[in-house]
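Residue numbers count from 1 along this sequence.
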Amino acid sequence: MVPRACCWLSWCLLICVISAEVQEHGRTPKAQKKTAFKAASPGDVKPPGAPGGKKPKADLSQKTLQMKTPTEAAAPSLPASSILTLVLGRGRFQKVGDSLSLRAGDPLELRCRGKGVHWRVPVYLEEEGKERLRIKHFSRHSQLQLVNSTGADTGEYSCWAQHCQDGEGAEGEARQGKTFIFFADPEELFVPTEDYYKVVQLHSHQPVLLPCQVTNPLAHVTLHREFPPEEVPVDGIDISFDVKKGFTIHRPRASLAGALFCLASLGGLRQISTKYMLIYIKYPSSSPKPTIQASATSVQLGENFRVTCTALGEPDIAVDFIWEYPGQKLGRPPYVSEWASVVRQEGQVQQEAGSTLHVEEARAGDSGIYTCRATNLQGTGTATTRVRVTRSSHGSPAPS
């Protein structure tokens with residue numbers, strides 16, 4: 001009995017050991033899998049959108065955009081105020097800034113969003129380049145296309161439109177988009193013009209522009225005098241330079257009169273612009289304020305008298321006088337003498353200009369209102385007086 005009991009007990013212990021080993025072996029793979037996941041390198045993780053990985057939610061919005069028309073799908077989201085864009089290709093657009101540089105010969109395509117679009121282009125293109133310019137209008141936008149561009153096409157391009165505020169393109173506020181486009185020409189640094197010489201009037205009271213525009217904004221531009229040959233200083237106050245416009249003379253003065261030109265340089269190329277013949281014109285600060293006085297307010301028949309009109313103003317300002325007098329109705333020609341002199345009044349040097357109307361052998365028809373009109377570049381001033389022609393010294397008026 002004892003041997004059989006020991007044998008049975010040994011078999012039970014053996015079965016328990018084998019069962020424990022089997023259970024331990026079943027738990028080991030799970031622990032290994034957990035450790036392997038923690039030790040995985042970043043390179044083993046699949047990026048979003050890779051095969052077997054989940055796509056990000058942003059891709060769902062892209063699918064929604066693709067359901068639209070190709071043009072609308074690729075258009076970038078633009079600020080509400082931006083209606084002018086550059087067309088880069090089919091369905092590809094770029095917002096334009098204050099200026100844009102292209103090469104001469106490149107095609108240009110602009111798009112203006114809105115209804116009832118109106119375009120404005122450089123004057124040369126309107127007059128000479130109509131066969132190269134095409135404008136197409138659509139329900140919600142308009143397109144401008146230019147082919148075979150040249151340096152002369154350099155300038156401002158702008159559009160006005162009623163902005164669409166909803167999906168139906170309802171009319172909203174009028175908006176404007178504009179940009180300045182340079183068409184860089186390696187052989188022409190200045191925008192071509194037909195004028196070799198151009199006369200420019202320098203008015204003392206207002207700025208003046210010398211429009212030496214360049215085709216390449218990188219060109220270095222200076223201002224020069226033809227005789228004596230010298231560079232004119234540009235300090236940004238009296239004279240300034242804008243690459244889109246040219247040189248502006250903010251404070252015209254007589255010393256700038258003469259022939260000026262612009263010089264542009266880029267790389268090894270140097271070119272001069274149109275020559276500008278500057279004529280200085282001193283401009284008055286106001287219109288004349290004339291005064292009038294007759295040598296006598298009452299004269300007898302047959303006597304001579306005169307009426308004098310004077311006007312004070314700045315020196316070197318031309319003043320023209322025109323008379324209206326009763327004798328005109330009788331066909332009497334005017335006998336007029338004029339003068340101008342410099343006077344000092346209230347500590348200031350001024351110019352006194354004057355005109356005197358001479359009436360000889362007064363007639364009854366010379367009685368009446370005498371009017372003087374003094375005119376300068378700023379305007380006209382008027383003064384009047386009355387002269388009576390009498391029969392005798394008692395002052396009886398002569399019969400007409």
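- Minimum heavy-atom separation, His141 to Arg113: CB-CA, 4.0 Å.
- Remark: Arg103 does not engage Asp185 in a salt bridge, criterion side-chain N to carboxylate O under 4.0 Å.
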So Asp195 and Lys275, salt bridge (charged side-chain N to carboxylate O under 4.0 Å, His left out) or not? Walk me through it. CA-CA 8 Å; Asp195 301 322; Lys275 292 185 178 180; over 6 Å; no
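- Around atom CD of Glu194, no more than 12 heavy atoms belonging to other residues, nucleotides or ligands sit under 6.0 Å away.
- With a 6.0 Å radius and a threshold of 12 heavy atoms from other residues, nucleotides or ligands, Glu131 has its CD atom above the threshold.
- Residues Thr371 and Thr384 bring no donor and acceptor atom of their side chains to less than 3.5 Å of each other.
- Between Ser204 and Tyr280, the shortest heavy-atom distance links the atoms CB-OH, 3.3 Å.
- For Ser287, the side-chain contact (heavy atoms from CB on, under 4.5 Å) partners at least two apart in sequence or on another chain are Asn376.
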Run the numbers on Leu256 and Leu202 for side-chain contact (heavy atoms from CB on, under 4.5 Å), then give the verdict. CA-CA 9 Å; Leu256 291 173; Leu202 283 177; 3.9 Å; yes
Would Glu314 and Lys282 count as a salt bridge (charged side-chain N to carboxylate O under 4.0 Å, His left out) if you check the C-alpha gap in whole Å, the side-chain angles of each, and the deciding distance to 0.1 Å? CA-CA 9 Å; Glu314 296 98 331; Lys282 185 164 177 130; over 6 Å; no
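- Checking side-chain atoms of Gln378 against main-chain N and O of Pro284 turns up a donor-acceptor pair under 3.5 Å.
- Cluster membership check: Trp160 does not share its hydrophobic cluster with Leu133, using side-chain heavy-atom separations under 4.5 Å among Ile, Leu, Val, Met, Phe, Trp and Tyr.
- When hydrophobic residues (I, L, V, M, F, W, Y) are linked wherever their side-chain heavy atoms come within less than 4.5 Å, Tyr335 remains an isolated member.
- Between the side chain of Ser158 and the backbone N or O of Lys178, no donor-acceptor pair lies under 3.5 Å.
- The neighbour count for Gln206 CD, taken as heavy atoms of other residues, nucleotides or ligands under 6.0 Å away, is above 12.
- Considering every non-hydrogen atom in both Leu269 and Pro186, the closest pair reads CD2-O, 3.3 Å.
- Expressed to the nearest 0.5 Å, how far OG of Ser298 lies from CZ of Arg388 amounts to 5.0 Å.
- Below 30°, between 30° and 60°, or above 60°: for Tyr370 and Phe305 the angle between ring planes is above 60°, a perpendicular geometry.
- Under the 3.5 Å distance criterion, the side-chain polar atoms of Ser142 are matched with a main-chain donor or acceptor of Lys136.
- Between the side chains of Thr291 and Thr310, at least one donor-acceptor pair of N or O atoms lies under 3.5 Å.
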Please test Phe190 against Gln213 for side-chain contact (heavy atoms from CB on, under 4.5 Å), starting from the C-alpha separation and ending with a verdict. CA-CA 6 Å; Phe190 287 105; Gln213 293 178 306; over 6 Å; no
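- A pairwise comparison of heavy atoms in Pro288 and Ala311 identifies CB-CB, 4.2 Å as the closest pair.
- Note on Leu100 and Trp119: same hydrophobic cluster, where clusters join Ile, Leu, Val, Met, Phe, Trp and Tyr whose side-chain heavy atoms are under 4.5 Å apart, directly or indirectly.
- With sequence neighbours excluded, the residues that form a ring pair (Phe, Tyr, Trp, His ring centres under 6.0 Å) with Phe180 are Phe182.
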Evaluate Leu86 against Leu110 for side-chain contact (heavy atoms from CB on, under 4.5 Å), listing each step before the verdict. CA-CA 5 Å; Leu86 175 67; Leu110 297 174; 3.9 Å; yes
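- Listed by first then second residue, pairs satisfying salt bridge (Lys or Arg N to Asp or Glu O under 4.0 Å) with a partner in residues 198-214 number zero, not counting sequence neighbours.
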Show, in sequence, the C-alpha distance, side-chain angles and deciding distance for Thr356 and His358, and conclude whether the side-chain contact (heavy atoms from CB on, under 4.5 Å) test is met. CA-CA 6 Å; Thr356 299; His358 301 269; 3.7 Å; yes
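- Judged by distance alone, the side chains of Thr248 and Ser240 never bring a donor and an acceptor atom under 3.5 Å apart.
- When only modelled atom types and interatomic distance are considered, Arg270 and Ser265 share no side-chain donor-acceptor pair under 3.5 Å.
- For Lys244, the NZ atom sits in a packed shell: over 12 heavy atoms of surrounding residues, nucleotides or ligands are nearer than 6.0 Å.
- Summarising the geometry of Phe93 relative to Thr85, their closest heavy-atom pair is CD2-OG1, 4.0 Å, with the distance given to 0.1 Å.
- Hydrophobic clustering of Ile, Leu, Val, Met, Phe, Trp and Tyr side chains at less than 4.5 Å, counting indirect connections, unites Val221 with Leu278.
- Sorted by first and then second residue, the pairs that involve residues 219-255 and meet ring pair (Phe, Tyr, Trp, His ring centres under 6.0 Å), not counting sequence neighbours, are His224-Phe261, Phe241-Phe247.
- Neither Ile322 nor Leu377 shares a network with the other; the hydrophobic side chains, linked directly or stepwise wherever heavy atoms of I, L, V, M, F, W or Y lie under 4.5 Å apart, form separate groups for each.
- Judged by distance alone, with hydrogens and angles left aside, the side-chain atoms of Ser355 form no donor-acceptor pair with the main-chain N or O of Cys309 at under 3.5 Å.
- Shortest non-hydrogen contact noted between Thr222 and Glu231 is CG2-OE2, 3.6 Å.
- The hydrophobic clustering, which links ILVMFWY residues whose side-chain heavy atoms are closer than 4.5 Å, places Leu260 and Val214 together.
- Judged by distance alone, with hydrogens and angles left aside, the side-chain atoms of Gln271 form a donor-acceptor pair with the main-chain N or O of Leu189 at under 3.5 Å.
- Other residues, nucleotides and ligands contribute at most 12 non-hydrogen atoms within 6.0 Å of the NE2 atom of His118.
- The salt bridge (Lys or Arg N to Asp or Glu O under 4.0 Å) pairs that include a residue from residues 141-162 are Arg132-Asp153, where partners are two or more places apart or lie in different chains.
- Atom CZ of Arg332 is surrounded by more than 12 heavy atoms from other residues, nucleotides or ligands within 6.0 Å.
- Counting heavy atoms from C-beta on, the side chains of Tyr325 and Leu357 come closer than 4.5 Å.
- A donor-acceptor pair is defined here as one N or O able to donate and one able to accept, closer than 3.5 Å; such a pair exists between the side chain of Gln351 and the backbone of Ile317.
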